[in-house]
Amino acid sequence: MVSPLVAFGLVCIAPVAQAADSWTAIRPGVDLLHRTTSGPQDIQAARIDLSRANIGLHASSSERGVERGVSTSTFARNADVLVAINADWSDGVTPVGLAISDGVQWHSHIVDDTLGSRWGFFGCTATKSCSIGTEQPLDSAWWFANPTRPPYRYFQATGANGIQLLDDGVARSGCYDSARNPRSAICLDAAGSTLWMVVVDGRRSGAAGMTCNEVRDLMLDLGCWDAAMLDGGGSSTLVVDGSVRNTPSDGALRTVSNHIGVIYTESVDPDCVVANGRWCDGTVIATCQGGRHLGSGDCAAYGATCEEDGDWAYCVDLRCPDGSGTGATCLDEGRIASCSDGVYGEGDCGVFGLACGEDAGGAACMDPRCEAGPHSAFCTASGALATCTEGTYAEAPCEGEGQACWSAEGDAACVDARCTEGPDHLACQVGEIHERCTDGVYVASDCAAVDRVCDEDEGCVAEAEEEDGGTGEGDSTGGGGSGWGAQGSASPPEVPVAPPPLGDRAHRACWSGSRSPGDRPAAPPGEPSGPDLRASAPFTWPPAAPSGQRPRRSAR
């Protein structure tokens with residue numbers, strides 16, 4: 001038996017620490033971690049609090065020799081950012097993947113099987129709602145118009161290594177190499193409010209570099225949820241507060257195509273109506289990022305108006321349907337005109353075997369089966385529930401026990417078969433039975449069993465003593481005519497109602513899954529890969545693609 005004293009000694013003799021961490025507070029909301037391990041590893045990691053109004057983001061602009069095709073240190077100085085890290089793979093001038101700076105896209109996202117399948121990306125809106133990923137919709141699909149407009153509205157973006165490190169807190173597999181090398185990576189926590197920019201040194205004594213899996217483990221240890229690899233090797237560079245914090249393996253700073261930077265202002269510019277976003281002042285549109293005023297311009301100079309959507313704004317082409325920056329209308333049975341964030345375009349739905357349709361939800365190119373409109377639902381002849389979302393058709397059977405499809409005026413739902421008069425139907429039946437359908441779920445109450453009478457709207461109520469509406473008997477609330485569920489009353493018993501095959505409770509089984517635009521039928525072989533443009537402006541249908549993406553977090 002081990003004595004208490006020995007046991008205490010065993011507990012207190014801890015193993016030699018495998019990592020030594022030192023923290024430096026750079027600014028409120030910006031901290032630098034320097035970690036060394038017995039690996040040996042030498043790691044520099046900047047932690048940024050995106051929830052702070054005076055912190056913003058900036059990716060390299062297309063201006064060569066100023067922010068593009070320069071070292072990370074030069075970018076940090078010219079862009080006046082507090083923290084900067086190298087971004088996408090490149091030839092030193094042109095990146096592989098997506099590049100957006102202050103809302104201007106200067107290089108497109110790619111899909112290339114020779115480059116790790118779909119190339120990764122890091123993108124953020126002006127309000128700092130950021131995404132890390134590789135999958136559609138950021139690819140060359142015909143329906144994907146521009147990531148600076150809905151549903152993405154990326155204001156800053158760069159490409160990343162083709163292999164995503166973490167996706168929703170889960171480590172992905174695969175890497176373009178299995179060796180230890182210098183690495184750069186970027187990640188977000190689950191809330192999307194904390195951003196990490198990480199560089200791992202390598203190719204020198206005391207710094208072995210990491211494999212992809214080792215970087216994944218590091219990201220998880222830092223509390224990351226989504227993470228991507230950036231360009232590594234001699235490109236790996238982290239600049240913080242004007243100083244290069246790591247030791248680049250080339251022995252000197254390498255020229256790279258683009259970078260990601262962190263804006264920091266001591267206080268928000270008084271001209272900023274919002275610290276991170278864009279707004280209208282009449283026809284004048286202005287932008288701020290991280291509390292820094294980026295400038296303004298008059299939409300009227302281009303014959304346009306200004307329109308706001310939350311903390312975002314855009315100039316609206318005067319050709320936009322109904323003057324709306326997100327409006328759409330059918331020009332004829334096959335052609336559509338639409339606006340996405342005020343940018344006008346026209347297209348031919350017929351190229352893809354679709355028709356142009358309009359309903360209360362607006363106009364869209366739609367599957368010909370969407371007879372009630374592009375935003376509608378109906379019951380098929382077989383009793384299945386058919387739905388049209390932005391013109392995309394889908395159907396599913398009403399699978400629950402005793403379920404049936406109900407439809408009326410372009411709307412439909414799977415309901416209990418006893419609710420076919422409507423999913424929110426109320427009725428009184430013989431024997432003082434009150435029937436209630438709520439969202440298609442059926443419940444019946446026997447009012448007579450508790451000395452009550454059935455009222456279609458109120459349910460089981462006390463019977464009035466006199467015709468002039470005197471107080472009722474047995475009403476625990478003291479108010480004549482009060483229905484069950486009033487304060488102090490007990491609910492009447494629920495009873496099943498014929499037909500016998502139906503259960504006491506039926507659960508609504510409506511198909512309500514969202515569909516990504518990838519479910520749309522592809523253009524047939526030999527057909528054009530995109531809409532038939534009828535205007536000089538880029539085609540932008542649909543004005544807002546269905547949100548098949550995982551929802552992203554917003555942190556201002």
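Residues take their numbers from the sequence shown, with the count starting at 1. We use all heavy atoms of the structure for the numbers below, so side chains are in, but hydrogens, waters and symmetry mates are not.
- Within the structure, disulfide (SG to SG under 2.5 Å) pairs that include any residue of residues 175-207 comprise Cys175-Cys212, Cys187-Cys224 (at least two apart or interchain).
- Side-chain polar atoms of Ser73 and Ser71 form no donor-acceptor pair below 3.5 angstrom.
- Residues passing the side-chain contact (heavy atoms from CB on, under 4.5 Å) test with Asp322: none are found, sequence neighbours excluded.
- Enclosure of atom CZ in Arg64 is not indicated, since only 12 or fewer non-hydrogen atoms of other residues, nucleotides or ligands lie within 6.0 angstrom.
- Going from atom NE2 of His34 over to atom CG of Asp42 covers 3.5 Å, rounded to the nearest 0.5 Å.
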Please report, to 0.1 Å, the donor-acceptor pairs under 3.5 Å made by any side chain of residues 277-290, with sequence neighbours excluded.
residue: Arg278; atom: NE; partner: Thr287; partner atom: OG1; Å: 2.7
residue: Arg278; atom: NH2; partner: Thr287; partner atom: OG1; Å: 3.3
residue: Thr283; atom: OG1; partner: Asp298; partner atom: OD1; Å: 2.6
residue: Gln289; atom: OE1; partner: Leu57; partner atom: N; Å: 3.4
residue: Gln289; atom: NE2; partner: Ala126; partner atom: O; Å: 2.9

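- Side-chain atoms of Thr237 come within 3.5 Å of backbone N or O of Ser235 as a donor-acceptor pair.
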Report the C-alpha separation of Asn146 and Thr148 in whole Å, then their side-chain angles, then the decisive distance to 0.1 Å, and conclude whether the side chain to side chain donor-acceptor pair (under 3.5 Å) test is met.
CA-CA 5 Å; Asn146 189 323; Thr148 65; 2.7 Å; yes

For a disulfide (SG to SG under 2.5 Å) check, start with the C-alpha distance between Cys315 and Cys306, then their side-chain angles and the critical distance, and finish with the verdict.
CA-CA 5 Å; Cys315 294; Cys306 190; 5.6 Å; no

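- Of the possible polar contacts, none joining the His293 side chain to the Cys272 backbone as a donor-acceptor pair under 3.5 Å is found.
- Counting only residues at least two apart or on different chains, the ring pair (Phe, Tyr, Trp, His ring centres under 6.0 Å) pairs with a member in residues 237-266 are Phe75-His259.
- Checked by atom type and distance alone, the side chain of Arg183 pairs as donor or acceptor with a backbone atom of Met210 at under 3.5 Å.
- Take Arg35 and apply the salt bridge (Lys or Arg N to Asp or Glu O under 4.0 Å) test, not counting sequence neighbours, and it matches Asp21, Asp221.
- Listed by chain and number, the residues in a ring pair (Phe, Tyr, Trp, His ring centres under 6.0 Å) with Phe155 are Trp312 (sequence neighbours excluded).
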